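Keep in mind that what you see is a predicted model, and the values were worked out from it rather than measured. Letters A, B, ... mirror the listed sequences (proteins, then strands); counts begin at 1.
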Amino acid sequence: MDYRIKLEIFEGPLDLLLYLIRKNEIDIYDIPISLITEQYISYIDAMKSLNLDLAGEYLVLAATLLHIKSRMLLPVHETEGGEEEDDPRAELVRQLLEYRTFKEAALEMERMKLLDRDFFTRKDTGDDRADAGERPVREIGVFELVEAFQRVIAGMGDMHIMEMERNDMSVSQRISEMLDLLREKKTLTFEELLGMPRERRQLVYTFLALLELMKMRVVRAFQRAPYEAIRVCVAAEVDVGGDAQE
Amino acid sequence: MKDLKIIIESLVYISETPLSVNKLKELLVDVPEKDIREALAGLADEYARRDGGIFLAEVAGGYQFRTAELSAPWILKLRGGKPATLSQAAMETLAVVAYRQPVLKLDIEQVRGVDVSATLRGLLEKNLVRIVGRKDVPGKPILYGTTKKFLEAFNLRDLSELPTLREIKELEEAESLE
Amino acid sequence: MKDLKIIIESLVYISETPLSVNKLKELLVDVPEKDIREALAGLADEYARRDGGIFLAEVAGGYQFRTAELSAPWILKLRGGKPATLSQAAMETLAVVAYRQPVLKLDIEQVRGVDVSATLRGLLEKNLVRIVGRKDVPGKPILYGTTKKFLEAFNLRDLSELPTLREIKELEEAESLE
């Protein structure tokens with residue numbers, strides 16, 4: 001029972017380790033690895049015996065501790081410069097100090113005045129109640145957009161989702177950029193279009209985007225004479241309409 | 001009791017509707033009605049004498065803060081200049097356009113399962129979506145895509161910064177573990 | 001100009017989010033910025049000295065009215081909700097994002113030693129954390145940062161107001177020595 005109560009308050013293996021260090025009144029810079037490893041593992045065993053879900057991270061740290069312990073048992077070699085070898089505990093200590101810093105930062109933040117706990121602000125419930133529930137565009141984060149998309153596809157089969165995943169963002173992006181450029185310059189050569197990307201992957205995207213646009217006949221590629229440059233333009237019959245929205 | 005006045009002022013301020021004396025009595029269990037009325041009258045009087053940007057007014061059976069009349073034109077300006085708002089329907093349509101562009105209206109409707117004419121028009125008006133061309137099939141249906149303003153509104157450098165579904169799924173899957 | 005102070009007070013009162021000096025400049029076309037700042041500072045001072053149920057606070061790049069702390073329990077009773085709280089896991093994750101931003105999920109996990117997918121998602125949903133971009137390394141992983149709402153929620157003018165921690169200083173010093 002004692003274990004259960006304490007285990008619930010740990011936020012992870014580092015938290016447990018910090019607790020053991022504090023409990024044993026140990027200097028964090030000079031951790032007696034054998035003792036701590038032993039205690040750490042007995043806690044893990046207790047967790048297991050209580051059938052608590054044990055996150056893999058706890059086991060990873062146990063392995064790390066055992067590894068450090070075995071390295072500590074090896075005789076210390078002096079390097080050529082006469083300096084001592086790195087303390088096998090150094091990386092763990094660094095990690096613990098870093099975690100402790102943020103754990104304390106979290107406690108500090110917890111003590112700050114918090115909206116909807118310590119103070120409140122009013123909502124504008126003026127005459128324009130029609131807007132209730134809607135938010136200004138400028139304040140919507142990308143995450144909400146993704147959530148909206150997830151909502152939409154939630155009811156669709158896996159096949160459809162796969163299809164959407166394949167609809168590569170970078171190709172869409174190139175399509176959008178290419179159309180912007182073509183509208184501005186009216187016509188570009190094939191080489192000019194392909195020459196823009198800086199890296200190989202981009203070249204592939206550009207090409208795929210161009211194929212897609214040609215397939216949909218949004219753009220046309222033409223050649224005045226054999227061996228002349230292939231020119232690309234927005235398809236003639238397309239009523240671009242974009243200007244009205246810009 | 002000085003705190004009573006403070007608490008009542010906070011409550012009136014935060015309440016979305018005019019706050020009635022009865023409601024205050026219900027909240028402040030042991031406080032006599034007389035004290036509540038006195039505190040409200042005192043606050044109303046204080047704001048009236050101060051003659052600033054807000055007043056405590058007795059309206060519709062309760063108390064509510066009201067802005068000064070002379071501020072009305074500026075308040076209208078503030079509210080009028082509010083950035084465009086997006087409904088959930090608009091958001092979903094926008095999401096489909098963003099991820100599937102260039103896309104036909106028909107495709108969006110297939111995904112969302114509803115008619116999107118109105119929301120699409122709204123998005124075009126807000127300049128978040130634009131016509132990028134026409135598909136060369138019978139009827140030459142219009143293809144839609146997102147605009148530069150879309151990127152601005154969502155604080156994206158380019159479309160490749162939109163998170164992929166896989167990335168969001170990763171955040172979701174672990175949820176069941178905690 | 002006495003009216004200016006009145007108008008600004010009304011506008012701050014009516015605005016749902018902290019009202020910035022820039023927004024006020026935009027609304028009050030011909031008024032010099034200096035006068036706007038003076039009016040705001042004057043109002044904030046007035047409310048502070050009055051020590052009543054509401055205060056004018058400078059947060060998240062703007063000004064906003066907030067309720068007195070001692071009123072919190074009664075407001076919660078009025079609203080019928082529980083106070084907003086963050087779990088320790090969420091708070092630790094938020095702390096790493098706040099101090100290390102822009103930061104990768106992987107970096108947060110390295111610091112905390114656990115998977116943070118679910119807590120990160122919760123913070124995104126609460127609009128305390130947002131996606132700020134992608135890191136320019138293979139795989140283009142998502143970078144996270146805090147939002148304006150975070151500043152508003154923690155009563156901060158800007159990120160520099162986050163408490164400086166002794167340990168953070170120590171870490172930085174140690175790293176610069178390496």
Quick one: of C:Glu26, C:Glu46, C:Lys105, who has the most non-hydrogen atom pairs under 4.5 Å with chain B? C:Glu46
Is it the backbone or the side chain of C:Leu19 that comes under 4.5 Å from a heavy atom of chain B, or both, or neither? side chain
Got a second to check how far C:Ile54's CD1 is from B:Ile6's CD1, nearest 0.5 Å? 11.5 Å
Counting heavy-atom pairs under 4.5 Å with chain C, the top scorer among B:Thr67, B:Leu27, B:Ile14 is B:Leu27
Examine whether an atom of C:Leu78 lies under 4.5 Å from a heavy atom of chain B, and if so say whether it belongs to the side chain, the backbone or both; otherwise answer neither. both
Options C:Pro73, C:Ala68, C:Ser71, ranked by heavy-atom pairs under 4.5 Å with chain B, top entry: C:Ser71
How far does CZ of B:Arg50 sit from CZ of C:Arg50, to the nearest 0.5 angstrom? 7.5 Å
Top contributor to chain B contacts, counting heavy-atom pairs under 4.5 Å, from C:Val132, C:Ile8, C:Leu120, C:Leu28: C:Leu28
To the nearest 0.5 Å, atom OG of C:Ser10 lies from atom CZ of B:Phe55 at 8.0 Å
Assert top hit (heavy-atom pairs under 4.5 Å, partner chain C, pool B:Leu70, B:Val12, B:Leu24) equals B:Leu70
